[in-house]
Chemist: 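The structure's right below; bear with me while I get my questions together.
A quick note: this is a predicted structure, and the numbers were derived from the prediction, not measured. Whatever order the structure lists ligands and atoms in, that order sets their numbers, starting from 1.
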Amino acid sequence: MFERRFDVVVAGAGVAGIAAAVAAARRGLSVALLEKSVLTGGLATSGIVNIYLPLCDGNGTQVSYGITEEMLRRSLVYGPGEIPAHWRERRNAAEVERFRVAFSPASFTLALDEMLDEAGVEVWFDTLVTGATLEGERLAALTVVNKSGCGVIAGDCFVDATGDSDLAVLAGGVVHTGANALAGWTLEYRQGCNALARDCRVAVVGAATDPEVFEPGISGRTVTESIRRSRRLYREMLKKEYASGRFDRSTLFPLKVPAMADLRHTRCFDAPFALEPGMEWTRFEDSIGLAADWRRSGLVWELPYRTLLHRQVRGVLAAGRCTAAHGDAWEVTRVIPVAALTGEVAGVAAALAVRAGVTPELLPYEVLAGELRGNCRFPLHFSDLGLERPAAK
Ligand SMILES: Cc1cc2nc3c(=O)[nH]c(=O)nc-3n(C[C@H](O)[C@H](O)[C@H](O)COP(=O)(O)OP(=O)(O)OC[C@H]3O[C@@H](n4cnc5c(N)ncnc54)[C@H](O)[C@@H]3O)c2cc1C
């Protein structure tokens, strides 16, 4: 057994966990980032989900700022892709015309590694979180396993950025589950295609929800079946292309298949408040930032701080896919730009809570809002950007 202690411990190095770890480390705290794979980026890189969805409302106004914008720009440092030139002039813009990019997953990994190095985060790859120790209702330590054996990582505050709310579950907390459709994003070489880099593109396989396999939530069976079925579907697509005579195995072949299950909704926190469908354009007194709906221009959401807290387990904040949202609202909060945004907020809140010697639910909202408005330069309410709910037609 090995033992270590940090001010802030973040589980999961997807975009949410990285934003959280960087935000806390930039505030001078000791931060550990625990990741079961050997890559940074989670679904965005291991899952080959390579579209950084919009930071703008589709009508020329940027609504999300901070590390999420920094990550979008850095995703282009070591690879191709461009921010659409005229996104500010567009009205009712299609998604591809908005402030978004398509990036190379490997390039993004390099950029994310660099952000973590610069911030001084202690990254633990190949380290699976397997258990949680509580002191009363407060999360006090995580059990991990890696090549050194089993260990205990204690912390003053934790961020659950596992995408699946693993910390909440391991701590015995309630979580909510969602359903999934079969998906698989594969990076392939396709002669004559110039979409991502020369002759490379991301092929997407998808199929309708299968309740037999994709039961709500997550299980060993769900993960295994989703991976096996998506790869089978991709093999069938290749065979069809070869049979058509348009391509052969030297002009069309996979370069990289996803290294994690392409599941969208697994488990989110049972929080004091959850975002529900239809809550776009709702003002929340505890808003921590704004998110644009990537599917339709002109829909903007305020994100309440309460969606990052757990109803029973103290000392842990949700980030990214783990934040509390249901149904259609989860479609908005789960995507890369919003996951990075809630990640940054979780890291800031964790840092402020540790400094104040309190758990995150006792952190005064005014203190958090002051830091988000001041140092992070976040707009917190629609009115900060002069936005208002469009009149009903
Ligand atoms: C099929 C599909 C298509 C999508 N398309 C898009 C798109 O086009 N654009 C977009 O913006 N978003 C898209 N998304 C959503 C987006 O990719 C993710 O929701 C987002 O990247 C989630 O980030 P995250 O950091 O919250 O979680 P994740 O990316 O899931 O990261 C969680 C990390 O935690 C690690 N982890 C998990 N459990 C443990 C544990 N017990 N111990 C240690 N580490 C652990 C994982 O290995 C992973 O690295 C898509 C998602 C899917 C599934």
Chemist: Applying salt bridge (charged side-chain N to carboxylate O under 4.0 Å, His left out) as the test, list every pair that has at least one member in residues 138-148; sequence neighbours left out.
Modeler: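 The answer is none; no pair qualifies.
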Chemist: For Phe382, give me all partners under ring pair (Phe, Tyr, Trp, His ring centres under 6.0 Å), at least two apart in sequence or on another chain.
Modeler: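 Ring pair (Phe, Tyr, Trp, His ring centres under 6.0 Å) check on Phe382 returns Trp281.
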Chemist: Present, as a list of atom pairs with distances to 0.1 Å, all nitrogen or oxygen contacts under 3.5 Å between ligand 1 and the protein.
Modeler:
from	atom 1	to	atom 2	distance (Å)
ligand 1	9 (N)	Ile51	O	2.7
ligand 1	11 (O)	Ile51	O	3.1
ligand 1	11 (O)	Ile336	N	3.0
ligand 1	14 (N)	Arg334	NH1	3.4
ligand 1	19 (O)	Arg334	O	2.5
ligand 1	25 (O)	Val15	N	3.3
ligand 1	25 (O)	Ala16	N	3.0
ligand 1	26 (O)	Arg321	N	2.9
ligand 1	29 (O)	Leu43	N	2.8
ligand 1	30 (O)	Arg321	NE	3.3
ligand 1	30 (O)	Arg321	NH2	2.7
ligand 1	38 (N)	Asp166	OD2	3.4
ligand 1	41 (N)	Val129	O	3.3
ligand 1	41 (N)	Asp166	OD2	2.9
ligand 1	42 (N)	Val129	N	3.0
ligand 1	44 (N)	Lys36	N	3.1
ligand 1	47 (O)	Glu35	OE2	2.7
ligand 1	49 (O)	Glu35	OE1	2.7
ligand 1	49 (O)	Glu35	OE2	3.1

Chemist: Please step through salt bridge (charged side-chain N to carboxylate O under 4.0 Å, His left out) for the pair Arg355 and Glu371, ending with a clear verdict.
Modeler: CA-CA 13 Å; Arg355 289 242 186 272; Glu371 182 70 5; over 6 Å; no
Chemist: Is there a side-chain contact between Arg27 and Asp7 (heavy atoms, below 4.5 Å)?
Modeler: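 No, every pair of side-chain atoms sits at 4.5 Å or beyond.
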Chemist: With sequence neighbours left out, write down each residue that passes side-chain contact (heavy atoms from CB on, under 4.5 Å) with Glu361, or none if nothing qualifies.
Modeler: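 Leu309, Arg314, Thr359.
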Chemist: Among Leu53, Val335, Val338, Val332, which residue meets the side chain to side chain contact (heavy atoms under 4.5 Å, CB included) test with Asp293?
Modeler: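 Answer after filtering Leu53, Val335, Val338, Val332: Val332.
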